[in-house]
Amino acid sequence: MTNHRSVPWFPALAVLGSIVSLSIGTSFAKRLFPLVGAEGTSALRVGFSALVLLALWRPWRWPLSRRDAGYVIRYGLTLGLMNLLFYMSLRTIPFGIAVAIEFSGPLAVAMLSSRRAVDFVWLACAIVGLAILLPLGHDAALDRTGVLFALGAAVCWALYILFGKQAGHLHAGHSVSLGLVAASLVVVPYGVAHAGASLLEPWVLLAGLGVAVVSSAIPMSLEMMALKRLPRETYGVMVSMEPAVTALLAMVLLGEHLVPSQWLAIGFIVTASVGSTMTVGRAPPPSAELAG
């Protein structure tokens with residue numbers, strides 16, 4: 001039997017698989033919006049993700065200082081708000097576009113961490129892409145409220161990176177599982193307040209568990225395997241393809257067809273992310289399963 005550790009293309013397939021799994025899970029989650037709303041769907045995803053990862057990692061096995069607890073709480077609260085805002089954006093704008101706009105958060109962090117002249121090229125690409133997407137004119141194709149929610153998620157993603165670095169010395173399973181518990185303290189009460197008793201329908205709970213597994217547990221497991229075997233720059237380049245992959249899958253699964261200018265904008269943002277990753281050479285973007 002061939003061990004996947006010896007197969008050179010396995011880590012790349014694992015990253016691609018994590019992005020595809022996340023996209024499928026989020027596409028399925030969007031179909032729950034008419035029943036429990038974006039708020040309720042976000043509550044199901046974050047709440048069940050926390051339970052699954054608690055069972056998987058059992059974080060109580062590791063000691064946690066008061067200082068580290070503060071890091072994890074900030075990290076988790078930002079993560080919860082990011083997920084909620086992202087799901088709110090999906091109510092009125094296409095999935096692929098929401099991901100592209102959200103990517104401006106980690107791009108901003110990457111640009112601010114570098115002083116190389118070439119990064120102005122990637123910054124220009126990102127600005128052009130966002131300028132094409134953002135509803136700046138009176139006849140804009142995108143809903144302004146949805147775009148604002150996506151931009152809010154981008155800000156949270158940037159903060160999530162910064163707070164995640166503070167907790168970076170902890171085991172990934174430790175910080176992520178406890179971070180999702182903190183995230184659920186924000187998202188679950190808000191979702192319950194909006195969706196009410198409809199969240200307790202057995203098949204809705206089952207669907208929520210499926211969303212959590214497909215959009216969090218599976219991608220996280222695949223990415224952790226990939227990170228052990230891929231150079232960080234390679235990993236970052238592959239994750240940078242997420243907006244394009246997401247847009248393609250949303251077209252198939254949700255029937256969200258983008259116009260050529262929107263595909264061009266996504267291309268500019270992907271180019272900015274790939275270029276920034278290759279030239280900055282810093283830590284990779286955060287896990288996809290937590291960002292979308």
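Just so you know, these numbers use all the heavy atoms, side chains as well, and skip hydrogens, waters and symmetry mates. Predicted model, so just to flag it, every value in this text is computed and none were measured.
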Side chains of [X] and [Y] in contact at under 4.5 Å (non-hydrogen atoms):
X      : Y      : answer
Pro202 : Leu206 : no
Cys156 : Leu85  : yes
Leu53  : Val176 : yes
Arg31  : Leu254 : yes
Val239 : Val15  : yes
Gln262 : Val259 : yes
Met241 : Val274 : yes
Leu258 : Met251 : no

Give a yes or no on whether [X] and [Y] share a hydrophobic cluster (residues Ile, Leu, Val, Met, Phe, Trp, Tyr; joining criterion: side-chain heavy atoms under 4.5 Å apart).
X      : Y      : result
Phe28  : Leu90  : yes
Phe120 : Val270 : yes
Leu56  : Leu209 : yes
Trp60  : Leu178 : no
Val46  : Val204 : yes

Show which side-chain atoms of residues 185-193 pair as donor or acceptor with protein atoms under 3.5 Å away, not counting sequence neighbours.
none

Of all the heavy-atom pairs spanning Val99 and Pro243, show the shortest one and how long it is.
-> CG1-CA, 3.8 Å
Closest non-hydrogen contact found for Leu54 with Ser177 is N-CB, 4.3 Å
If we ignore hydrogens and angles and just use 3.5 Å, is the side chain of [X] paired with the main-chain N or O of [Y] as donor and acceptor?
X      : Y      : value
Ser175 : Ala172 : yes
Thr78  : Arg74  : yes
Thr277 : Ser273 : yes
Ser21  : Gly17  : no

Calculate, to the nearest 0.5 Å, the distance between atoms [atom1] and [atom2] belonging to [X] and [Y] respectively.
X      : Y      : atom1 : atom2 : value
Leu133 : Ile266 : CG    : CD1   : 6.5 Å
Ser184 : Leu77  : OG    : CG    : 9.5 Å
Leu81  : Leu159 : CG    : CG    : 9.0 Å
Glu242 : Leu22  : CD    : CG    : 5.5 Å
Leu107 : Ser276 : CG    : OG    : 6.0 Å
Leu180 : Arg45  : CG    : CZ    : 8.5 Å

Establish, yes or no, whether a centroid distance under 6.0 Å links the rings of Phe163 and Tyr71.
-> no
Taking the six-membered ring where the residue is Trp, are the ring centres of Phe86 and Trp157 under 6.0 Å apart?
-> no
Please lay out, stage by stage, how Tyr75 and Ile161 fare under the test side-chain contact (heavy atoms from CB on, under 4.5 Å).
-> CA-CA 8 Å; Tyr75 162 81; Ile161 295 171; over 6 Å; no
Given the rule in the side-chain contact (heavy atoms from CB on, under 4.5 Å) test, do Phe149 and Arg91 qualify, once you have shown the distances and angles that lead to the verdict?
-> CA-CA 10 Å; Phe149 277 125; Arg91 296 180 305 174; 3.3 Å; yes
Ser23 and Thr246: side-chain donor and acceptor closer than 3.5 Å?
-> yes
Does CZ in Arg61 sit with more than 12 non-hydrogen atoms of other residues, nucleotides or ligands closer than 6.0 Å?
-> yes
Hey, can you tell me if Tyr87 and Phe33 have their rings parallel, tilted or perpendicular (30° and 60° cut-offs)?
-> tilted
Worked verdict on Trp62 versus Leu170 for side-chain contact (heavy atoms from CB on, under 4.5 Å) = CA-CA 9 Å; Trp62 293 291; Leu170 301 175; over 6 Å; no
Would you check, one step at a time, whether the test side-chain contact (heavy atoms from CB on, under 4.5 Å) holds for Phe268 with Ile132?
-> CA-CA 10 Å; Phe268 273 113; Ile132 295 173; 4.2 Å; yes
Val147 meets the side chain to side chain contact (heavy atoms under 4.5 Å, CB included) criterion, sequence neighbours left out, with Ile93, Ile101, Leu134, Pro135, Leu142, Leu151
